[in-house]
Amino acid sequence: MTAEATARVGTAGRAPFGARLAATMESVGPLCLGIDPHPGLLKDWGLDDTAAGLEAFSLTALEAAAGGGSPLVAALKPQVALYERHGSAGMAALERLLAEAREAGILTIADAKRGDIGSTMAGYAAAWLADGSALAADAVTLSPFLGFESLRPALDMAAETGRGVFVLALTSNPEGASVQHVGHDDGSAAPSASPASAGSRPAEAARGAAGGSVAARIVAAAAAENALRAGGDRLGPVGLVVGATVADRARELGIDLSAVRGALLAPGYGAQGATAEGMRSGFADAWPAVLATSSRGILRAGPTVAGLAEALRTNLSDLQG
Ligand SMILES: O=C(O)c1cc(=O)[nH]c(=O)n1[C@@H]1O[C@H](COP(=O)(O)O)[C@@H](O)[C@H]1O
């Protein structure tokens with residue numbers, strides 16, 4: 001962590017999320033384990049699809065990721081939807097996982113994909129990013145499709161509490177393009193990301209040469225936010241979700257992801273077919289900011305901690321190869 005980042009430790013005793021994540025990715029590597037307690041996986045692990053089953057599943061995955069004190073992942077990403085299925089008891093299992101991960105010193109990204117009008121967004125920000133909330137993670141995934149600026153309460157809360165956000169930009173699913181590519185090549189120019197960054201490299205690079213796709217506008221807005229918030233850190237608090245399966249699409253849309261100054265959470269590695277080699281060539285110059293995340297591809301190696309740890313090591317060396 002840079003000396004400046006350490007100096008900016010807030011009242012919560014936490015350095016900025018980008019600095020914490022960059023330091024962890026440097027020491028551990030670019031792997032995130034998604035904790036997705038699907039009914040089928042629970043069954044394969046010999047667990048019931050109940051809140052107790054979810055908790056056992058989550059804590060086993062955490063134990064493997066913690067590597068007996070030498071973590072095998074830079075972060076854990078629990079999939080909130082799969083806990084929500086069990087109502088308050090399921091959410092209590094998620095709270096337990098978040099608390100135990102905090103105790104083990106492992107970063108957490110709550111994959112909640114929240115997005116709403118600004119005044120309601122403040123509620124989501126308080127739930128996932130405020131000090132003292134039982135659901136507070138180190139970062140949360142957000143959906144910007146009500147307008148990037150509707151995310152403002154979460155952007156501000158994250159910066160205030162040393163936490164982070166990952167904003168969906170180019171998602172790994174094939175349907176994502178029907179919305180995220182709109183505006184590409186239509187001849188219209190994307191707006192400047194913010195008055196403060198108008199004409200700056202991040203805004204221009206993210207806007208790209210070929211016009212303003214929805215994805216390019218989201219990337220530009222994130223870059224502008226990081227330009228204001230990152231200080232001297234390599235990574236600011238606003239990360240983006242860019243599917244590992246679509247890593248090369250950014251370039252096709254004229255987007256320079258290396259100018260974002262935020263981490264790039266890349267789902268799709270493993271079960272959705274993306275490979276480390278494909279990601280390295282697809283992300284190109286932006287590769288050092290990529291946090292590859294895999295859920296089923298690793299979780300299928302359970303239920304033993306040893307089996308999971310072996311799969312984590314294999315994935316890590318694949319990504320570092
Ligand atoms: O935000 C995400 O993590 C996400 C975005 C995206 O574009 N695609 C995507 O698959 N995800 C999530 O990443 C995880 C992928 O799981 P696996 O395909 O099992 O590795 C799931 O929890 C998805 O909800």
Side-chain angles (χ1 to χ4, degrees), residues 24-25 28-113 134-135 137-139 141 172 244-245 265-276 291-321:
T24 309
M25 284 170 65
V28 175
L31 179 62
C32 171
L33 172 61
I35 303 189
D36 294 35
H38 289 286
L41 278 172
L42 289 160
K43 188 162 179 257
D44 292 348
W45 284 32
L47 295 168
D48 292 332
D49 190 2
T50 59
L54 256 57
E55 186 169 308
F57 183 92
S58 307
L59 297 182
T60 301
L62 169 62
E63 188 181 341
S70 300
L72 299 171
V73 299
L76 292 172
K77 183 179 74 73
Q79 175 47 255
V80 173
L82 295 169
Y83 294 85
E84 277 179 347
R85 299 181 304 127
H86 289 279
S88 58
M91 294 307 269
L94 174 59
E95 288 175 11
R96 171 103 195 265
L97 168 66
L98 294 171
E100 299 271 339
R102 201 176 307 129
E103 196 65 30
I106 299 191
L107 296 176
T108 52
I109 302 167
D111 191 357
K113 296 190 182 65
L135 284 171
D138 290 292
T141 56
S172 69
T245 49
L265 182 68
Y269 174 50
Q272 293 177 46
T275 63
L291 178 61
T293 181
S294 171
S295 307
R296 289 166 297 175
I298 293 168
L299 296 168
R300 281 180 189 137
T304 65
V305 169
L308 289 165
E310 183 55 35
L312 287 168
R313 280 193 200 93
T314 306
N315 278 259
L316 200 48
S317 69
D318 184 35
L319 290 167
Q320 291 173 320

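Residue indices begin at 1 and follow the sequence shown. FYI, side chains are in, hydrogens and waters are out, and symmetry mates aren't considered; it's all heavy atoms of this structure.
- The closest side-chain heavy-atom distance from Ile35 to Gln79 is not below 4.5 Å.
- Checking side-chain atoms of Asp138 against main-chain N and O of Thr108 turns up a donor-acceptor pair under 3.5 Å.
- Taking 4.5 Å as the limit, some side-chain heavy atom of Ile109 sits within range of a side-chain heavy atom of Leu291.
- The shortest distance between side-chain heavy atoms of Tyr269 and Thr275 does not fall below 4.5 Å.
- Side-chain contact between Met91 and Leu94 is present, with heavy atoms from C-beta onward closer than 4.5 Å.
- Closest non-hydrogen pair, Thr60 versus Pro303, comes out as CG2-O, 3.4 Å.
- For residues 61-74, there are no salt bridge (charged side-chain N to carboxylate O under 4.0 Å, His left out) pairs, not counting sequence neighbours.
- Between Val73 and Thr24 the shortest side-chain heavy-atom distance does not fall below 4.5 Å.
- Heavy-atom minimum distance, Ala51 versus His86: N-ND1, 4.1 Å.
- Between the CG atom in Leu59 and the CG atom in Leu54 there is a gap of 10.5 Å [rounded to 0.5 Å].
- Here the straight-line distance linking atom CD1 of Ile298 with atom CZ of Arg313 works out to 12.5 Å at 0.5 Å rounding.
- How far CG of Leu31 is from CG of Leu72: 8.5 Å, rounded to the nearest 0.5 Å.
- A donor-acceptor pair shorter than 3.5 Å can be found between the side chains of Ser58 and Tyr83.
- Evaluation of the salt bridge (charged side-chain N to carboxylate O under 4.0 Å, His left out) test over residues 35-54, restricted to residues two or more places apart or in two chains, returns Asp49-Arg85.
- Nearest heavy atom pair, residue Pro267 against residue Ser172, reads O-CB, 3.7 Å.
- Of all heavy-atom pairs spanning Gly69 and Pro71, the tightest one is O-CD, 3.4 Å.
- Interatomic distance, CG of Leu265 versus OG1 of Thr141, reported as 8.0 Å (0.5 Å rounding).
- The number of heavy-atom neighbours closer than 6.0 Å to CD of Gln320, taken from other residues, nucleotides and ligands shown, is above 12.
- The shortest side-chain heavy-atom distance between Leu299 and Arg296 does not fall under the 4.5 Å cut-off.
- Between Glu55 and Leu97, every side-chain heavy-atom pair lies at or beyond the 4.5 Å cut-off.
- Among all heavy-atom pairs drawn from Lys77 and Cys32, the shortest one is CB-SG, 3.6 Å.
- Taking CG of Leu107 as the start and CE of Met25 as the end, the distance is 10.5 Å to the nearest 0.5 Å.
- By the 4.5 Å heavy-atom criterion applied to side chains, Leu312 and Leu33 are counted as neighbours.
- Contact record, Ala74 with Gly29: CB-O, 3.4 Å, taken as the closest heavy-atom pair.
- Proximity of a side-chain donor or acceptor of Asp318 to a complementary backbone N or O of Thr314 within less than 3.5 Å is not detected.
- Side-chain contact, Gln272 with Thr245: no donor N or O sits under 3.5 Å from an acceptor N or O.
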